[in-house]
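What follows is a set of notes on a single structure, which appears directly below.
Throughout, a chain's letter reflects where its sequence line sits, starting with A, and its residues are numbered from 1. Treat the numbers as computed from the prediction; the structure is a model and nothing was measured.
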Number of protein chains: 2
Amino acid sequence: MDLVHIYQCFCDRTRLRILNLLSQSPLCVCHFQAILGESQVKISKHLAYLRDRGMVKVERDQNWMVYSLLGKPAPELESNLKCLQDCIQSDPLFARDLGKLASIRKSCCEPRTAFHESDRDRRRYGKAKRPFHLRS
Amino acid sequence: MDLVHIYQCFCDRTRLRILNLLSQSPLCVCHFQAILGESQVKISKHLAYLRDRGMVKVERDQNWMVYSLLGKPAPELESNLKCLQDCIQSDPLFARDLGKLASIRKSCCEPRTAFHESDRDRRRYGKAKRPFHLRS
DNA sequence: TGACTATATTCCTAAATAGGAATATAGATT
DNA sequence: AATCTATATTCCTATTTAGGAATATAGTCA
């Protein structure tokens, strides 16, 4: 992956917050909205930016678009993401985002592909209704 | 140092090449011109960009403006510069730049503050004329 | 002081980026 | 088919970024 593309993706604080959250688990747009407190349009555009440069992938799950980091990123992307993680460890903004993520993880029911690391988890869950999803 | 500022500096290939060269030693504009094969104006503007965001410092030495990386960079800058070095190790463009640097190092005489790592080396040299400088 | 060297800055044009408002698209439900 | 939910895209405005041409600024030298 082109280094310049990597840094183009990194040079915006909203995108850094998105990447921080995705480092924990796949998520969809409404999760980002809830955690980052930004508009759906803004989130959507930044995700498109990251997707266009090959930094994230998206899979549709019914109505939801579930974004995630690449399973096997290029070495330079992997090392830069690690470096980024080290740098933001002590930044309260990013820490607060992770706290919010932990919160909504407990209460959110759909989509299945969000919050989980692998497709194995996905198959483990049925279609059973649970608490509530963020938006409805 | 603000992370976004770091990545703003990194998201241009010319600036990455400049940073790569500065990781070796302080240099002035004409050195960059010779190695990168870009115009004086372009080099000068990118250096101003890096300087404005606190990534490099400049010291005037007679007619020459000698640029260098900060002696004690912020931790996040330091780790990102290290990460960058790891990433560009195998990139032929950056390797070629370093080869050219080694070449002109042997033949260039001024300014004293370029090419050397510390002020100690600077005091070691006198004002004695030597071969030739790049531009004259 | 004028000429020269080295480099920064201004002016201009063009492209990229960012975000809000509005709207289009796609899947699910009734 | 209509309605709803979730999200992408278009239109618009504004700012940032990039680079060439021209020019301004500053130190050195004769």
Side-chain angles (χ1 to χ4, degrees), chain A residues 2 4-5 7-18 26-34 36-53 55-68 108-114 127 129 132-136, chain B residues 2 4-5 7-18 26-34 36-53 55-68 108-114 127 129 132-136:
Chain A
D2 188 25
V4 171
H5 284 168
Y7 297 124
Q8 281 174 334
C9 291
F10 280 24
C11 69
D12 179 273
R13 195 174 311 285
T14 300
R15 290 198 288 279
L16 288 183
R17 294 172 77 189
I18 288 173
L27 292 169
C28 61
V29 177
C30 55
H31 297 134
F32 289 116
Q33 280 185 257
L36 304 185
E38 303 288 356
S39 70
Q40 179 266 317
V41 173
K42 177 172 175 173
I43 299 293
S44 190
K45 281 177 176 177
H46 280 297
L47 286 166
Y49 190 100
L50 293 172
R51 190 178 64 240
D52 291 345
R53 284 161 184 77
M55 191 164 289
V56 302
K57 67 184 182 190
V58 64
E59 289 169 50
R60 180 174 280 247
D61 183 346
Q62 306 186 55
N63 243 12
W64 296 289
M65 304 298 283
V66 182
Y67 286 85
S68 60
C108 193
C109 58
E110 302 264 14
R112 288 294 170 265
T113 44
K127 220 173 166 40
K129 282 295 187 181
F132 65 97
H133 185 60
L134 290 184
R135 297 294 299 283
S136 45
Chain B
D2 190 25
V4 171
H5 283 169
Y7 296 125
Q8 280 173 334
C9 289
F10 281 25
C11 68
D12 179 272
R13 196 174 311 286
T14 302
R15 289 199 288 278
L16 288 183
R17 293 173 78 189
I18 288 173
L27 292 168
C28 63
V29 178
C30 54
H31 298 134
F32 289 117
Q33 278 184 260
L36 304 184
E38 302 288 354
S39 70
Q40 178 266 316
V41 173
K42 177 172 175 173
I43 299 292
S44 189
K45 281 179 175 176
H46 280 296
L47 286 166
Y49 191 98
L50 294 171
R51 192 177 65 240
D52 290 345
R53 284 158 183 78
M55 191 163 289
V56 301
K57 66 184 182 188
V58 63
E59 290 169 49
R60 180 175 281 247
D61 183 346
Q62 304 187 56
N63 241 12
W64 295 288
M65 304 298 282
V66 182
Y67 285 86
S68 59
C108 194
C109 58
E110 304 265 11
R112 290 290 171 264
T113 44
K127 216 165 171 29
K129 282 295 187 179
F132 63 96
H133 186 56
L134 289 185
R135 299 296 297 284
S136 47

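When the nucleotides dA26(C), dA8(C), dG27(D) are ranked by their closest atom to the side chain of R60(A), dA26(C) comes out on top.
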Step-by-step side chain to side chain contact (heavy atoms under 4.5 Å, CB included) determination, W64(B) to H31(B): CA-CA 11 Å; W64(B) 295 288; H31(B) 298 134; over 6 Å; no
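Residues that satisfy the side-chain hydrogen bond (donor to acceptor under 3.5 Å, both in side chains) test with D2(A), not counting sequence neighbours, are R13(B). Partners of K42(B) according to the salt bridge (charged side-chain N to carboxylate O under 4.0 Å, His left out) rule, which considers only residues two or more places apart in sequence or in another chain, are E38(B). Annotation: side-chain hydrogen bond (donor to acceptor under 3.5 Å, both in side chains) contacts of Y7(B) (sequence neighbours excluded): N80(B). In this view, V29(A) and Q33(A), Q40(A), I43(A), L47(A), Y67(A) satisfy the side chain to side chain contact (heavy atoms under 4.5 Å, CB included) rule, not counting sequence neighbours. For D12(B), the side chain to side chain contact (heavy atoms under 4.5 Å, CB included) partners two or more places apart in sequence, or in a different chain, are T14(B), R15(B), H46(B). Residues meeting the ring pair (Phe, Tyr, Trp, His ring centres under 6.0 Å) test with F32(B), sequence neighbours left out: none.
Residue Y49(B) forms a side chain to side chain contact (heavy atoms under 4.5 Å, CB included) with just one option from R51(B), K45(B), R53(B), and that option is R53(B).
Note: CD (E59(B)) to P (dG27(D)) measures 15 Å, nearest angstrom. Between the CD atom of Q62(A) and the P atom of dT29(C) there is a distance of 6 Å, rounded to whole Å. For the pair W64(B) CH2 and dA8(C) P, the computed distance is 15 Å after rounding to whole Å. Taking atom NE2 on H5(A) and atom P on dT17(C), their separation rounds to 9 Å, with Å as the unit. If you take CG of L47(A) and C1' of dT7(D), they are 10 Å apart, rounded to a whole angstrom. Nucleotide dG19(D) holds its P atom 7 Å from the CD atom of E38(B), rounded to whole Å. Atom-to-atom, CG of D52(A) to C1' of dA16(C) comes out at 13 Å; the value is rounded to the nearest Å. Separating the NE2 atom of H31(B) from the P atom of dA6(C) is a distance of 10 Å, rounded to the nearest angstrom.
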Collect all protein-nucleotide pairs involving nucleotides 22-24 of chain C in which both atoms are nitrogen or oxygen and the distance is under 3.5 Å.
none

Within the sub-3.5 Å range, which N or O atoms of nucleotides 12-18 of chain D have a protein N or O partner, and how far apart are they?
from    : atom 1 : to     : atom 2 : distance (Å)
dT17(D) : OP1    : Y49(B) : OH     : 3.0
dT17(D) : OP1    : R53(B) : NH2    : 3.4
dT17(D) : OP2    : R53(B) : NH2    : 3.0
dA18(D) : OP1    : D12(B) : OD2    : 3.4
dA18(D) : OP1    : R15(B) : NH1    : 3.2
dA18(D) : OP1    : R15(B) : NH2    : 3.1
dA18(D) : OP2    : R15(B) : NH1    : 2.8

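Note on R51(A): only backbone sugar-phosphate atoms sit closer than 4.0 angstrom, heavy atoms only; bases stay farther off.
Applying the 4.0 Å criterion to OP1 and OP2 of dA8(D), one finds that S44(A) has a side-chain N or O inside that range.
Looking at M65(A) and C28(A), their side chains never come closer than 4.5 Å, going by heavy atoms from C-beta outward.
For dT28(D), its base never sits under 3.5 Å from the side chain of N63(B) at any donor and acceptor pair.
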